[in-house]
Amino acid sequence: MNCKETQRLLVSYINGELEEKEEEEFVRHIRRCPECYEELEVYATVFAGIRQLDGMEEQIDYRTLVEDSLDNSEEDAIDEHFLAMYTFLLRTAATVILFYMMARWFF
């Protein structure tokens, strides 16, 4: 993902509207690109301020606003990868057990 694509997705990221894969690429780029990180900080601060004025949020820690969001996105991605791997391993184990039981039954 390049800077132009990342900046196009800033609002969608802040609103939590990105698909899983797109969010991973977005966060990966933001972590590597100081200019896009700074742009995200500006957008996040503005949006958080608007939400606070609208009464949607009580307290906002502006110092950790972006980092907390990026950390949460990274943790969610790790959780999704773990769940996918766990599901794959569980299905594989079930298939192996099923074949083993069938082989014992027929042979």
Side-chain angles (χ1 to χ4, degrees):
M1 184 172 287
N2 62 34
C3 292
K4 189 174 182 176
E5 293 170 327
T6 301
Q7 290 176 3
R8 182 180 55 81
L9 297 173
L10 287 169
V11 174
S12 297
Y13 174 76
I14 291 169
N15 289 329
E17 299 169 345
L18 297 182
E19 298 291 325
E20 179 185 334
K21 180 77 172 159
E22 199 172 38
E23 184 175 348
E24 285 181 45
E25 292 175 15
F26 178 89
V27 170
R28 191 175 307 119
H29 179 85
I30 289 289
R31 290 289 192 193
R32 292 188 333 253
C33 180
E35 292 84 16
C36 289
Y37 183 92
E38 186 176 324
E39 193 78 15
L40 177 60
E41 282 184 315
V42 170
Y43 273 75
T45 302
V46 169
F47 275 71
I50 290 170
R51 287 184 185 125
Q52 194 171 24
L53 288 173
D54 287 342
M56 294 174 68
E57 295 183 17
E58 295 295 321
Q59 286 280 15
I60 298 174
D61 183 2
Y62 290 99
R63 290 175 293 140
T64 62
L65 183 67
V66 172
E67 277 303 315
D68 289 347
S69 176
L70 292 173
D71 289 344
N72 287 339
S73 293
E74 289 172 333
E75 288 172 11
D76 289 347
I78 290 169
D79 290 346
E80 288 295 325
H81 289 296
F82 174 77
L83 181 60
M85 182 58 75
Y86 178 77
T87 302
F88 171 77
L89 292 174
L90 190 59
R91 286 181 179 165
T92 302
T95 303
V96 168
I97 291 169
L98 180 63
F99 280 124
Y100 173 76
M101 291 174 60
M102 288 174 56
R104 288 196 61 202
W105 191 20
F106 289 113
F107 299 108

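Counting begins at 1 with the first residue of the sequence.
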Item checked: Ser73 to Val27 - nearest heavy-atom pair and separation ->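 That closest heavy-atom pairing would be CB-CG2, 3.6 Å.
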
Item checked: Heavy-atom pair of closest approach, residues Met1 and Phe26 ->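 Of all heavy-atom pairs spanning Met1 and Phe26, the closest is SD-CA, 3.7 Å.
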
Quick one: [atom1] on [X] to [atom2] on [Y], what's the gap to the nearest 0.5 Å?
X: Ile97; Y: Met102; atom1: CD1; atom2: CE; value: 14.0 Å
X: Glu41; Y: Leu70; atom1: CD; atom2: CG; value: 9.0 Å
X: Ile30; Y: Gln7; atom1: CD1; atom2: CD; value: 8.0 Å
X: Ser12; Y: Glu22; atom1: OG; atom2: CD; value: 7.5 Å
X: Tyr13; Y: Thr6; atom1: OH; atom2: OG1; value: 12.0 Å
X: Tyr43; Y: Leu10; atom1: OH; atom2: CG; value: 6.0 Å

Next item on the list: Can you tell me which residue pairs pass the side chain to side chain donor-acceptor pair (under 3.5 Å) test with a partner in residues 24-33, sequence neighbours excluded?
Entry: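 Matches after skipping sequence neighbours: Glu24-His81, Arg31-Glu67, Arg31-Asp71, Arg31-Glu74.
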
Notebook entry, point to check: If you look only at pairs with a residue in residues 91-107, which of them pass as a side chain to side chain donor-acceptor pair (under 3.5 Å), with sequence neighbours excluded?
Noted result: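 Every pair satisfying side chain to side chain donor-acceptor pair (under 3.5 Å) with a residue in residues 91-107: there are none.
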
Check: When you look at CD of Glu38, are more than 12 heavy atoms from neighbouring residues, nucleotides or ligands closer to it than 6.0 Å?
Finding: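 No, the 6.0 Å shell around CD holds no more than 12 heavy atoms from other groups.
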
